[in-house]
Amino acid sequence: MSELILLQANPSSPSDWVLFWGHFHPLIVHLPIGFLLIAGLLEIDRLTRRNSVSPHTITLILFWSAVSATMACVFGYMLSLGGGYEEETLNDHMWEGIGVAVFAWLAWSVKSENLGRIFSFAQLMYLPALGIALLLLLAAGHQGGNLTHGSDYLTQYMPETMRTLAGVPPKMKEVKFEPITDVNQAMVYQQIVNPILHSRCVQCHNADKSKGGLRLDSPEMIKKGYEDGPVFVAGNSKSSELVKVCLLPEDDDLHMPPKGKNQLKESDIALLTWWIDQGAPFDKKVSDLKVNDAIRPVLASLGGGGPIENGATSVASGPAPDSPVLTMKVPAADSKVIDELKKLNLLVLPLSKEQNQLEVSAVNARTFNDAQAAQLPKLSNQIVWLKLGDTEISDAALAQVAKLKNLQKLHLEETKVTDAGLKQLKGLAYLEYLNLYGTAVTDAGLAELAELKNLKTVYLWQTKVTEEGIAKLKTALPKLEVIGGISEQAVAEFVKVAEPKGEAKKD
């Protein structure tokens with residue numbers, strides 16, 4: 001059962017003691033739920049089957065349901081003082097929670113015959129009081145779920161037929177971001193920053209739930225900031241709360257996102273920092289901003305085959321556009337096979353219509369796995385660029401990837417591939433670009449790459465390779481550009497954050 005939160009936040013800051021006891025609310029709130037449901041089931045059983053249930057047993061259960069419901073109200077009020085909840089829903093939830101406690105006490109008073117000594121008709125109030133308490137319990141629980149998880153928590157996955165019958169609005173389309181085909185032309189906020197915020201922050205900072213008074217679901221709300229002021233200072237990431245709270249130790253109460261939730265990756269923090277330092281623009285492309293040596297490999301790992309532009313200079317991030325394999329004409333792909341891949345949420349994009357070459361991307365298929373990878377060899381001639389980064393594949397999938405004989409660019413960043421998987425790629429004669437960022441690859445895996453004679457660029461940021469292993473690979477492939485990216489220590493240097501001043505709000 002979702003948390004019950006009572007009353008609107010007090011504008012004055014509550015003491016630590018108040019918030020401490022308030023955080024016991026999710027524990028206490030389950031007690032009246034259990035007690036009242038048991039009491040209701042026992043009464044139904046007594047009325048329908050005429051079973052003899054001791055009145056004292058039901059009276060005792062009702063007493064503790066009333067006590068625990070009252071405690072839940074008190075602790076819920078304390079919890080609500082932390083703020084960040086939608087006012088109307090919170091107000092409805094308050095009265096429903098109070099109603100549960102009031103009618104639970106009324107049902108107990110009648111069952112225990114205490115009220116009967118005062119009013120002769122008291123027994124007539126028992127079943128209605130118990131029934132109303134149960135109905136209010138369901139309503140309060142629903143509103144608590146809305147406060148904690150959003151207004152569509154219960155109906156989010158409701159089938160359309162049930163939605164129509166229940167009068168529920170049609171299901172909102174899942175937010176899908178435009179894939180990055182050329183990182184230079186990518187809109188920095190919409191295609192880079194916004195996906196990070198939606199995957200890590202918007203769950204707690206949206207229209208229904210705005211912890212700390214902060215919403216991160218639109219440019220307007222981001223610019224507005226939170227209850228203590230702006231969430232970022234354009235051009236100065238060191239003074240921006242959005243970055244500060246992300247870099248606090250995970251056990252710190254102010255760390256964002258809170259411990260136990262999906263954390264931002266170091267690459268995410270680096271991108272957010274770079275965006276803020278560039279003035280936090282909402283309408284500019286990557287090519288419009290300055291790209292330093294630290295952020296260049298992070299941007300390159302996002303995708304796109306051209307060089308990362310920076311004014312008059314550039315550094316190659318992928319295979320050269322005049323690569324021989326790009327002029328190779330192959331048979332047209334089977335449309336049925338393309339449809340099969342699209343059903344797996346893979347993007348199948350024409351890389352060259354004249355040559356019938358394709359790019360396949362799993363940017364919208366994060367659950368793509370080893371079993372599904374068996375579909376890829378059906379386009380072994382046509383797939384030239386393959387992006388499987390941040391999916392569920394492991395070394396087993398690389399046995400299928402190895403069958404893509406014309407593969408020129410391969411993204412494997414943040415997957416479970418290891419040295420054993422790289423050993424299977426030896427036969428990819430045209431492979432020029434390989435992204436291994438965030439994998440468990442070691443020096444032993446690098447040694448396997450020495451046989452890929454056309455390999456021009458490899459990304460090894462946050463892997464287990466050593467300088468010695470890189471040196472050996474460059475000896476075997478002198479023209480190879482090895483980009484190690486930025487280590488954890490370099491990230492800390494890249495984003496030097498001062499001690500937070502004042503109270504930052506956690507996600």
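Counting from 1, the numbers follow the sequence of the chain as shown.
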With no hydrogens and no angle check, is any side-chain donor or acceptor of Q372 less than 3.5 Å from a backbone partner on N369? yes
The single option from I383, L326, T327, N381 that satisfies side-chain contact (heavy atoms from CB on, under 4.5 Å) with Q357 is L326
Checking V243, I276, L242 against V231 for side-chain contact (heavy atoms from CB on, under 4.5 Å), the one that qualifies is L242
Exercise for the section: Walk me through it: do Q375 and L344 pass the test side-chain contact (heavy atoms from CB on, under 4.5 Å)? Expected result: CA-CA 10 Å; Q375 301 294 321; L344 299 176; 4.1 Å; yes
Can you tell me if E414 uses its side chain to pair, donor with acceptor, with the backbone of Y437 under 3.5 Å?
-> no
### Message
side-chain contact (heavy atoms from CB on, under 4.5 Å), that's the test. Do L410 and V401 meet it? Break it down for me.
### Response
CA-CA 9 Å; L410 177 60; V401 173; 4.0 Å; yes
Closest non-hydrogen contact found for L264 with C246 is CD2-SG, 4.1 Å
When you measure from the side chain of S287 to the backbone of N184, do you find a donor-acceptor pair of N or O atoms at a distance under 3.5 Å?
yes
The complete set of salt bridge (Lys or Arg N to Asp or Glu O under 4.0 Å) pairs with one or both residues in residues 460-477, sequence neighbours excluded, reads E468-K472
Rounded to the nearest 0.5 Å, the CE atom of M221 sits from the NZ atom of K223 at a distance of 10.5 Å
Contacts of Q355 meeting side-chain hydrogen bond (donor to acceptor under 3.5 Å, both in side chains) (sequence neighbours excluded), chain-then-number -> S352
The side-chain contact (heavy atoms from CB on, under 4.5 Å) partner of W275 among I196, I192, V188 is V188
- Is there a donor-acceptor pair under 3.5 Å between the side chain of H411 and the backbone N or O of L388? no
inquiry  = Before you tell me yes or no, could you show the steps for K416 and E392 under salt bridge (Lys or Arg N to Asp or Glu O under 4.0 Å), namely the whole-Å CA-CA distance, both residues' side-chain angles and the distance that decides it to 0.1 Å?
reply    = CA-CA 7 Å; K416 299 175 184 177; E392 297 180 2; over 6 Å; no
For P195 and Q190 the tightest heavy-atom approach is CD-O, 3.4 Å
Find out whether L434 and L412 are in side-chain contact, i.e. whether some heavy atom of one side chain is under 4.5 Å from a heavy atom of the other. yes
Discussion item. Any carboxylate oxygen within less than 4.0 angstrom of a Lys/Arg side-chain nitrogen, looking at K378 and E340?
Written reply: yes
Smallest heavy-atom separation, P377 atom then A373 atom, equals CD-O, 3.5 Å
Test side chain to side chain donor-acceptor pair (under 3.5 Å), reference T442, set D419, T466, T418, T463, output is D419
All heavy atoms of L358 vs all of I338, minimum pair found to be CD1-CD1, 4.3 Å
*asked:* Under 4.0 Å between a side-chain nitrogen and a carboxylate oxygen: does that hold for E359 and K387?
replied: yes
Could you tell me if the side chain of K224 sits less than 4.5 Å from the side chain of R215, heavy atoms only?
no
**OP:** Determine whether V360 and W385 make a side-chain contact, defined as any pair of heavy atoms from C-beta on separated by less than 4.5 Å.
**Re:** no
Quick note, salt bridge (Lys or Arg N to Asp or Glu O under 4.0 Å) partners involving residues 435-445, not counting sequence neighbours, are none
_Cation-pi check for F232 against K244: NZ or CZ below 6.0 Å from the six-membered ring centre and within 45 degrees of the axis, yes or no?_
no
Worksheet item: Taking the six-membered ring for Trp, are the ring centroids of H205 and Y226 within less than 6.0 Å of each other?
Response: no
Report yes if some heavy atom in the side chain of N356 is under 4.5 Å from a heavy atom in the side chain of P331; otherwise report no.
no
Inset, instruction - For this output row, return yes or no: ring centroids of F282 and Y189 closer than 6.0 angstrom. - result: yes
task = Using atom types as modelled and distance alone, determine if a side-chain donor or acceptor of Q278 lies under 3.5 Å from a backbone N or O of W274.
result = no
- Query: Given the rule in the side-chain contact (heavy atoms from CB on, under 4.5 Å) test, do V193 and L272 qualify, once you have shown the distances and angles that lead to the verdict?
  - Reply: CA-CA 6 Å; V193 174; L272 289 175; 3.7 Å; yes
| Taking the side chain from K405 and the backbone from A402, do they hold a donor-acceptor pair closer than 3.5 Å? | no
- Do S239 side-chain atoms and N236 backbone N/O form a donor-acceptor pair below 3.5 Å? no
Exercise for review: Using modelled atom types only, decide if a donor and an acceptor are shared between the side chain of D268 and the backbone of K265 within a distance under 3.5 Å.
Suggested key: yes
Does the side-chain contact (heavy atoms from CB on, under 4.5 Å) test come out yes or no for V291 and L299, once each step is laid out?
-> CA-CA 9 Å; V291 178; L299 289 170; 3.9 Å; yes
Backbone of Y430 reached by a side-chain donor or acceptor of N454 within 3.5 Å
no
Heavy atoms of L431 and Q408 approach each other most closely as CD1-O, 3.5 Å
Looking only at heavy atoms, the pair that brings D370 and A397 closest together is OD1-CB, 3.3 Å
query: When you check the gap from the basic side-chain N to the acidic O, do K426 and E448 get nearer than 4.0 Å?
result: yes
